[in-house]
Amino acid sequence: MTPVQKSAIPTTAPDAVLFRSPEITDGVRLWEIARNTEVLDLNSSYAYLLWCRDFSRSSVVAVVDERVVGFVSGFIRPESPATLFVWQVAVDADQRGKGIAGRMLSALLDRLAPEGITHLETTISPDNEASIALFTALARRRDTAINKQELFSPKDFPDGHEAEDLYTIG
């Protein structure tokens with residue numbers, strides 16, 4: 001069987017993507033999308049259900065044709081209430097390269113700005129060029145600074161996890 005070639009040209013029109021807060025019923029899809037990336041740290045399905053319940057306000061899903069195709073999970077830092085911490089960003093393989101991840105981040109920040117959110121934090125491993133590019137482009141689009149500092153070294157993790165650098169935008 002010959003694999004089907006996918007077009008490098010985005011086929012999802014920008015207005016065909018709906019951005020909204022996740023609902024509990026989206027938890028399974030978030031878990032599936034994270035699992036299917038094969039690169040994200042996969043949390044338990046229970047964690048994604050709780051995330052959709054308890055952190056819905058600070059998270060977003062992308063919906064195409066009534067199907068969740070991507071998500072950003074985040075939370076407002078209790079010690080820094082003007083800061084959104086982005087935990088995970090994931091998009092279905094067939095929707096990647098269409099700008100959905102960046103648009104989800106922008107939609108989430110735009111939604112939270114009236115509540116006083118002025119900064120975004122996330123951690124990225126040094127070899128994750130795609131995530132570094134995503135957040136660098138976000139800072140550029142929003143005409144704001146992006147700063148990087150070391151946060152967790154491999155020795156901080158019990159399981160051989162890579163280092164995680166802290167990126168701050170805003």
Return a table of donor-acceptor pairs under 3.5 angstrom between the side chains of residues 141-153 and protein atoms on other chains or two or more places apart.
from	atom 1	to	atom 2	distance (Å)
Arg141	NH2	Gly102	O	3.3
Arg142	NH1	Asp110	OD1	3.3
Arg142	NH2	Asp110	OD1	2.9
Ser153	OG	Lys155	N	3.4

List the atom pairs, with distances to 0.1 Å, where a side-chain N or O of residues 70-85 and a protein N or O form a donor-acceptor pair under 3.5 Å, not counting sequence neighbours.
from	atom 1	to	atom 2	distance (Å)
Ser73	OG	Gln88	N	3.2
Arg77	NH1	Glu121	OE1	3.3
Ser80	OG	Thr83	OG1	2.7

Shared hydrophobic cluster, Leu138 / Trp87 (ILVMFWY, side-chain heavy atoms < 4.5 Å): no

In short, Leu30 meets Cys52 closest at the heavy-atom pair CD2-SG, 3.7 Å

Side-chain heavy atoms under 4.5 angstrom apart, residues restricted to Ile, Leu, Val, Met, Phe, Trp, Tyr: same cluster for Phe55 and Ile117? no

Work out which heavy atom in Val60 is nearest to a heavy atom in Arg111; give both atom names and the distance. CB-NH2, 3.6 Å

Just so I know, are the side chains of Val61 and Ser21 near enough to count as touching, which here means a heavy-atom distance under 4.5 Å? no

If a pair satisfies salt bridge (charged side-chain N to carboxylate O under 4.0 Å, His left out) and one of its residues is in residues 31-51, list it, with sequence neighbours excluded. Arg29-Glu32

Smallest separation among heavy atoms of Asp92 and Val68, with atom names: OD2-O, 4.0 Å

Ignoring hydrogens and angles, write down the donor-acceptor pairs under 3.5 Å from the side chains of residues 162-170, residues two or more places apart or on other chains.
from	atom 1	to	atom 2	distance (Å)
Glu164	OE1	Thr123	OG1	3.1
Glu164	OE1	Ile124	N	3.2

Here the ring pair (Phe, Tyr, Trp, His ring centres under 6.0 Å) pairs for residues 106-140, sequence neighbours left out, are none

Summary of side-chain hydrogen bond (donor to acceptor under 3.5 Å, both in side chains) pairs that have at least one residue in residues 129-140, sequence neighbours excluded: Asn128-Ser131

So if you build clusters from Ile, Leu, Val, Met, Phe, Trp, Tyr with side-chain heavy-atom gaps below 4.5 Å, do Tyr48 and Val63 land together? yes

Could you tell me whether a side-chain N or O of Ser59 sits under 3.5 Å from a main-chain N or O of Ser56, the two making a donor and an acceptor? no

Linked, directly or transitively: Phe19 and Leu108 (ILVMFWY side chains, under 4.5 Å): yes

Nearest atoms (heavy-atom pairs only) where Ala90 meets Ile33: CB-CG2, 3.6 Å

Taking all atoms of both residues into account, what is the closest heavy-atom pair of Ala34 and Leu42, and its distance? CB-CD1, 3.9 Å

May I have the step-by-step check of side-chain contact (heavy atoms from CB on, under 4.5 Å) for Val28 and Ser45, ending in yes or no? CA-CA 7 Å; Val28 170; Ser45 57; over 6 Å; no

Minimum heavy-atom separation for Val17 to Ala62, with atom names? CG1-CB, 3.9 Å

Could you see if Val69 belongs to whatever hydrophobic cluster contains Trp51? Use Ile, Leu, Val, Met, Phe, Trp, Tyr and a side-chain cutoff under 4.5 Å. no

